[in-house]
Protein chains: 2
Amino acid sequence: MTRPVQERTLKTRARLIEVAQALVASGGYEALRVEDVVSGAGVAKGTFFAHFKDKDALMERLVGAELADRLDRAEASEPPVSVETLIAALRPFHRFMTSERYVFDLILRYSGAAAIAEIGPIAQCLQRYSVLVAGWIETGAYRRDISADLLAEGVQAFSVQAMSLQFCALHRAQDFEERLALYLDAWMVPAA
Amino acid sequence: MTRPVQERTLKTRARLIEVAQALVASGGYEALRVEDVVSGAGVAKGTFFAHFKDKDALMERLVGAELADRLDRAEASEPPVSVETLIAALRPFHRFMTSERYVFDLILRYSGAAAIAEIGPIAQCLQRYSVLVAGWIETGAYRRDISADLLAEGVQAFSVQAMSLQFCALHRAQDFEERLALYLDAWMVPAA
DNA sequence: AATTTATATTGACCACGGTCATTTTTATTG
DNA sequence: CAATAAAAATGACCGTGGTCAATATAAATT
């Protein structure tokens, strides 16, 4: 028969996450080692994998939490009314996404739900992002010939594109937000 | 002093690539193991890494060659004159990009040049893709208020977006090309 | 031909993510 | 309070990518 989760379990998992967050804070995501997490938490390696399917599952949680935090703030802020203010409102989210190449790649890899009804923390955040942006668009002075949802998908596509180029030596000269503004003006603003 | 490359070197490298291609043909990219490549080529493991910086460098070559092949064909074909025909012309390229999740992720990861003057085979192909599409756009009946280059960047961004959703359980229902057509009609076609 | 130097190859070794049979701890039952 | 069953934790072990000092081979020099 199935029994309730033991308190011990929650304690252990919390400690693993806590240690991982501390390690990330000091050395970044890419340098995180499972060995360091378990030794820091004082448990055996196998314990880690009893709590997380794999290393990426922990990463998803950590990164997802950071993304969610930035979405919380964006949702709480005044809805932007222009491309410029929209980009500003998304700045913390985008900044975090591009804070490390490793993080950016991880987010892209987990941006979609692998299986229906098993949507991970990162995919969840990207959905929230879309819904949030679509909401903003509905109340703004943007083109009306296509749906706000479609416009929001475009915002996401162009944001990813601009971030990709940010990581590219050949295009790093131009600022990310400048490029994104260029894209979004062409995408969202109604023809004069 | 620096000496010319020995013929032995070229032979070995060619054999490594040949074996790798055969293995990929039978088992796909994701399942490729360096051990299998070297044992198949009859060399030691260290030799592999004398020829390729890491496993990804081999993957870049293999995938880059496939992409280049599809670009060759696209360049040779009749320039498309509409969104529909443009999507059709890019079909082989897009098909290969989405043939395996592993391949898609690899391409995204290496889509930009890490360092100037060290542009890899995949980044090279994506640049060719952009130039090709921009050329097509210049001779077509698309919106004229923004440059063909910018329009082409958008095509790339939307293609990637549509492919991402293709890999996502929640959105797999809608066909990739249908979705891309939706995007590109909204992006490229001049308002009526 | 013998010696030297640059290049190519080797394979034992390491790092690190991940597995699993075994043991320990916790909760339940008679 | 045993005896038992379920859940949690353990750590030796594996797979695989990647390293490097040592060795072998090829070309250049005397």
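Naming: A, B, ... by sequence-line order, numbering from 1 per chain. Values below: all heavy atoms of this structure, side chains included; hydrogens, waters and symmetry mates excluded.
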Spacing between A/Glu35 atom CD and C/dA15 atom C1', to the nearest angstrom: 8 Å

At less than 4.0 Å, is any side-chain N or O atom of A/His51 found next to OP1 or OP2 of D/dA9? Yes or no. yes

Centroid-centroid distance, B/Trp136 to B/Tyr142, less than 6.0 Å: no

So, OP1 or OP2 of D/dT10: does either fall under 4.0 Å of a side-chain N or O from A/Thr47? yes

Of A/Lys45 and B/Gln6, the one whose closest DNA chain D nucleotide lies more 5': A/Lys45

Please say whether more than 12 non-hydrogen atoms of neighbouring residues, nucleotides or ligands are located less than 6.0 Å from CZ in A/Arg179. yes

The residue among B/Gln166, B/Arg95, B/His94, B/Arg91 that forms side-chain hydrogen bond (donor to acceptor under 3.5 Å, both in side chains) with B/Glu177 is B/Arg91

A/Asp56 has an atom CG; how far is it from atom P of C/dG18, in whole Å? 7 Å

Under a 4.0 Å heavy-atom cut-off, which of residues 101-114 of chain B touch DNA chain D? none

Heavy-atom contacts under 4.0 Å between residues 8-21 of chain B and DNA chain C, which residues? B/Arg8, B/Thr9, B/Thr12

Length of the line joining A/Phe48:CZ and D/dA9:P, which is rounded to integer Å: 14 Å

So, A/Arg109 and A/Asp105, do they make that salt bridge, N to O below 4.0 Å? no

Nearest to the side chain of B/Arg3 - D/dG17, C/dT7, D/dT10? C/dT7

Does atom CZ of A/Arg61 have more than 12 heavy-atom neighbours, drawn from other residues, nucleotides or ligands, at distances under 6.0 Å? no

Of the listed nucleotides (D/dT10, D/dA8, C/dT19), which one gets closest to any side-chain atom of A/Ala44? D/dT10

OP1 or OP2 of C/dC16 versus the side-chain N and O atoms of A/Arg33: is any pair under 4.0 Å? yes

Take atom CE of A/Met59 and atom P of C/dG18, then tell me their distance rounded to the nearest Å. 10 Å

Look at atom CD of B/Glu84 and say whether more than 12 heavy atoms of other residues, nucleotides or ligands are closer to it than 6.0 Å. no

Is there a side-chain contact between A/Leu108 and B/Ser164 (heavy atoms, below 4.5 Å)? no

Is the base of C/dG18 touched by the side chain of A/Lys55 through a donor-acceptor pair closer than 3.5 angstrom? no

With a 4.5 Å heavy-atom cut-off, do A/Arg128 and A/Leu132 have their side chains touching? no

How would you label the contact of B/Leu58 with the nucleic acid (heavy atoms, under 4.0 Å): base, sugar-phosphate, or nothing? nothing

Write down the distance between CZ (A/Phe49) and P (D/dG11), rounded to a whole number of angstrom. 16 Å

Rounded to the nearest Å, what distance is computed from the NZ atom of residue B/Lys53 to the P atom of nucleotide D/dG18? 8 Å

Which word best sums up how the rings of A/Tyr29 and A/Phe96 line up, parallel for under 30°, tilted for 30 to 60°, or perpendicular for over 60°? perpendicular

